[in-house]
Each structure stands twice: as structure tokens, then as C-alpha cells.
Number of protein chains: 2
Amino acid sequence: MTAITASEEIVLEQPCPIRDVLDRIGDQWSLLILEALAPGTLRFNALMREIGDISKQMLSRTLKQLEQDGFVTRTLYPEVPPRVEYTLTPLGRSFLEPMQQLVAWADAHHRTIVAARLQYQASQT
Amino acid sequence: MTAITASEEIVLEQPCPIRDVLDRIGDQWSLLILEALAPGTLRFNALMREIGDISKQMLSRTLKQLEQDGFVTRTLYPEVPPRVEYTLTPLGRSFLEPMQQLVAWADAHHRTIVAARLQYQASQT
DNA sequence: AATAAACGGTCTAAAATGTAGACCTTGGGG
DNA sequence: CCCCAAGGTCTACATTTTAGACCGTTTATT
């Protein structure tokens with residue numbers, strides 16, 4: 001029996017729908033995980049290797065949130081050793097489109113941003 | 001004279017351009033700030049009021065990063081009390097388009113996500 | 001036979017990050 | 001003389017993230 005945490009209480013009743021959604025996607029790892037799952041189903045450790053520098057705990061936690069919000073499904077095959085597969089839901093796949101736009105923008109403007117950083121550094125003498 | 005921090009060293013040489021960009025906008029506040037600036041120039045305190053629940057420090061820090069990366073300009077009018085205006089650059093405005101797509105998606109699918117959360121809770125007995 | 005590795009996690013301690021709120025500056029109004 | 005304004009910075013505290021040990025079971029290696 002665990003205590004009720006704040007995060008469990010905010011399931012309902014977020015004042016601003018956009019904030020509500022962006023707060024979930026706009027963390028360190030969610031976008032990366034969704035991008036990794038875009039090509040298809042992956043297992044837990046495969047996902048870890050794919051992303052490279054995420055800790056088990058954060059992968060586990062973020063996947064749980066994504067599952068909770070309906071972006072991915074978690075399927076446990078009770079073999080031994082256990083196999084767990086993560087797959088995008090239709091909702092998750094529908095999110096891919098705006099996300100890919102974002103990724104495309106990032107790719108297209110990366111050089112501009114790097115240039116801005118250099119110029120900023122120079123301006124700071 | 002300040003010590004050289006890690007954050008100052010990563011100005012160059014990010015292995016993955018997409019990660020590089022997403023790591024900057026995929027934090028708690030950047031998207032919210034850019035959205036707040038979308039309609040036009042705002043002063044520091046106006047921005048604070050607009051966002052509502054951001055601390056001064058995080059607003060200051062995030063604005064500095066956005067300025068560094070070329071998304072916004074900071075204009076200081078040396079009056080007293082000082083006036084500081086933040087405005088989107090062309091780069092920042094160009095980012096608005098993919099971001100609005102994301103916002104539109106969030107708005108459109110918010111109900112589905114809330115429903116998923118409820119169903120998840122129910123499934124957890 | 002003992003050892004190690006793989007799977008998908010959880011747990012804990014320590015490090016990093018975020019928050020709230022005091023404080024700073026400079027000039028004007030009461 | 002004291003306080004207020006704006007746009008921050010600084011400090012102490014709270015929360016979040018990380019690194020890494022550990023778990024239980026089975027197969028592979030030595």
C-alpha cells in the first residue's frame with residue numbers, strides 16, 4: 001500500500017489541455033523514446049541500447065507514463081527470462097506526424113542554432 | 001571570472017543534431033515561453049505573469065538559453081527602472097510552425113489521453 | 001560444479017536541478 | 001526616511017535524475 005502521490009492525483013483536472021500534454025511530452029526522454037519506437041516494436045533493453053544514455057529507471061518510468069497516457073502498449077510474455085515489448089498505439093503513431101515536423105525543423109535549422117551559439121559566445125567577449 | 005562549466009563547453013560538437021535541438025526545447029519551460037512570445041514582444045515580468053507558475057530563476061535561465069540559441073532577442077532599455085523586452089527572432093518565428101502543429105495535436109487529442117489515463121487507473125485495480 | 005550473462009525491472013544513495021523567497025540597483029513619490 | 005518599481009541574482013531547501021547494486025530464473029561458458 002503506497003501513499004497517494006501528487007502525480008497520481010493529477011490524472012484528471014488539468015486546467016490547460018496544452019500544458020497538460022506538453023508537460024508529459026516535453027521532458028528529457030519522452031520524445032526520444034517515441035522516436036525510437038517509430039520504426040516498430042522494441043523490447044526494453046533494445047530500447048535502452050537504441051537511446052544509449054538513458055538510465056533503466058528513467059526508461060522504466062517514462063515508458064510507464066507513456067503507457068498511462070496511451071502512447072504505447074506494454075506486452076509482457078511470461079517466458080523466462082521475461083520478454084516485454086513496447087509498441088506505439090494508434091494515438092502514439094498519430095503523434096509521430098507533428099513530432100517528425102519538429103525533428104525535420106531541428107535537422108534543418110541545426111546549423112543556424114550552432115552559429116547563433118558561437119556568435120553569442122563571441123558577443124560575451 | 002567564472003569557472004568553465006560543462007554547459008559552456010557543449011556549445012559545439014553535439015553528436016546528434018536532433019538530440020542537440022530537442023534537448024534544448026524539450027525542457028519544462030522553453031515551449032511555453034516561445035508560445036507566450038508568439039503573439040509579440042513581452043517584458044520580463046509580463047512573461048512571468050503570462051506563464052503564471054514559472055520562477056524568476058528559470059525564466060531568466062531559459063530566456064538566456066533561448067537567446068543563446070538564437071530563438072529570441074533581448075533588448076535592454078537602460079531606463080530606470082530598467083525595461084527589458086524579449087522578442088522572437090526569425091528563427092524563433094520559424095519554429096512556431098512545427099510547434100503550433102504540436103499544440104494543435106495536443107489540443108485535438110487531449111480527451112483521448114485523459115481517457116487513457118482513467119482506463120489505466122482502472123486496469124491497475 | 002561454479003560462474004557468468006541475459007532479461008526487465010526495483011531500490012538506494014548521491015548528484016544535479018528546480019523552487020521560493022530574500023536581496024540588489026537606481027531613481028521618484030509620499 | 002522609507003518604500004516601490006523592474007529585472008534580475010543569490011541562497012537555502014525540495015524535488016528529480018543518475019549510477020549502480022540487487023533480484024529471480026534459466027541457459028551458456030569454463
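None of the values given here were measured: they were computed from a predicted structure. Per chain, numbering begins at 1; letters A, B, ... match sequence-line order.
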Which protein N or O atoms sit under 3.5 Å from an N or O of nucleotides 8-11 of chain D?
unit_1: dG8(D); atom_1: OP1; unit_2: Arg74(B); atom_2: NE; d: 3.2
unit_1: dG8(D); atom_1: OP1; unit_2: Arg74(B); atom_2: NH2; d: 2.3
unit_1: dG8(D); atom_1: OP2; unit_2: Tyr86(B); atom_2: OH; d: 2.7
unit_1: dG8(D); atom_1: N7; unit_2: Lys56(B); atom_2: NZ; d: 2.6
unit_1: dG8(D); atom_1: O6; unit_2: Lys56(B); atom_2: NZ; d: 2.9
unit_1: dT9(D); atom_1: OP1; unit_2: Lys64(B); atom_2: NZ; d: 3.2
unit_1: dT9(D); atom_1: OP2; unit_2: Ser60(B); atom_2: OG; d: 2.7
unit_1: dC10(D); atom_1: N4; unit_2: Gln57(B); atom_2: NE2; d: 3.2
unit_1: dT11(D); atom_1: O4; unit_2: Gln57(B); atom_2: NE2; d: 3.2

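Here the P atom of nucleotide dA6(D) and the CG atom of Leu59(B) are 14 Å apart, to the nearest Å. With rounding to whole Å, Met48(B) atom CE is found 13 Å from dA5(D) atom P. Taking atom CZ of Arg83(B) as the reference point, atom C1' of dA6(D) lies 11 Å away to the nearest angstrom. With rounding to whole Å, Leu47(B) atom CG is found 14 Å from dA6(D) atom P. Met58(B) places its CE atom 16 Å from the C1' atom of dC13(D), with the value rounded to the nearest Å.
Side-chain contact between Leu32(A) and Ile54(A): absent, with no pair of heavy atoms (C-beta onward) separated by less than 4.5 Å. Between Leu47(B) and Leu63(B) the shortest side-chain heavy-atom distance falls below 4.5 Å.
Bending across the helix from dA1(C)-dT30(D) to dG30(C)-dC1(D), expressed as the angle between its end axes from five pairs apiece, amounts to 40° (10° rounding).
Residues forming a side chain to side chain donor-acceptor pair (under 3.5 Å) with Thr41(B) (at least two apart in sequence, or on another chain): Thr87(B). With sequence neighbours excluded, no residue forms a ring-ring contact (aromatic ring centres under 6.0 Å, His included) with Tyr86(A). Judged as a ring-ring contact (aromatic ring centres under 6.0 Å, His included), and not counting sequence neighbours, Trp29(A) has no contacts. Looking at residues two or more places apart in sequence or on another chain, you find a salt bridge (Lys or Arg N to Asp or Glu O under 4.0 Å) between Glu85(B) and Arg83(B). Partners of Ser30(B) according to the side chain to side chain donor-acceptor pair (under 3.5 Å) rule, which considers only residues two or more places apart in sequence or in another chain, are Asp27(B).
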For residues 88-104 of chain A, run the donor-acceptor check on the side chains, cut-off 3.5 Å, and write out each pair with its distance to 0.1 Å, sequence neighbours left out.
unit_1: Thr89(A); atom_1: OG1; unit_2: Gly70(A); atom_2: O; d: 2.6
unit_1: Thr89(A); atom_1: OG1; unit_2: Phe71(A); atom_2: O; d: 3.1
unit_1: Thr89(A); atom_1: OG1; unit_2: Leu91(A); atom_2: N; d: 3.3
unit_1: Thr89(A); atom_1: OG1; unit_2: Gly92(A); atom_2: N; d: 3.0
unit_1: Arg93(A); atom_1: NH1; unit_2: Leu88(A); atom_2: O; d: 3.1
unit_1: Ser94(A); atom_1: OG; unit_2: Leu91(A); atom_2: O; d: 2.9
unit_1: Ser94(A); atom_1: OG; unit_2: Trp105(B); atom_2: NE1; d: 3.0

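For the ring-ring contact (aromatic ring centres under 6.0 Å, His included) condition, no pair includes a residue of residues 44-67 of chain A, sequence neighbours left out. Screening residues 48-58 of chain A for side chain to side chain donor-acceptor pair (under 3.5 Å), with sequence neighbours left out, gives Asp53(A)-Arg19(B). Within the structure, salt bridge (charged side-chain N to carboxylate O under 4.0 Å, His left out) contacts touching residues 59-75 of chain B (residues at least two apart or in different chains) are Arg117(A)-Asp69(B), Arg24(B)-Asp69(B).
In summary, contact between chain B and DNA chain C, defined as any nucleotide atom under 4.0 Å from a heavy atom of the protein, begins and ends at dG18(C) to dG27(C) in the 5' to 3' direction.
In terms of position along DNA chain D, the nucleotide closest to Asp53(A) lies nearer the 5' end than the nucleotide closest to the other residue of the pair Pro81(A) and Asp53(A). Mapping Val80(A) and Ser55(A) onto DNA chain D via the closest heavy atom, the residue that lands nearer the 5' end is Ser55(A).
Not one side-chain nitrogen or oxygen of Trp29(A) sits closer than 4.0 Å to the OP1 or OP2 atom of dT16(D).
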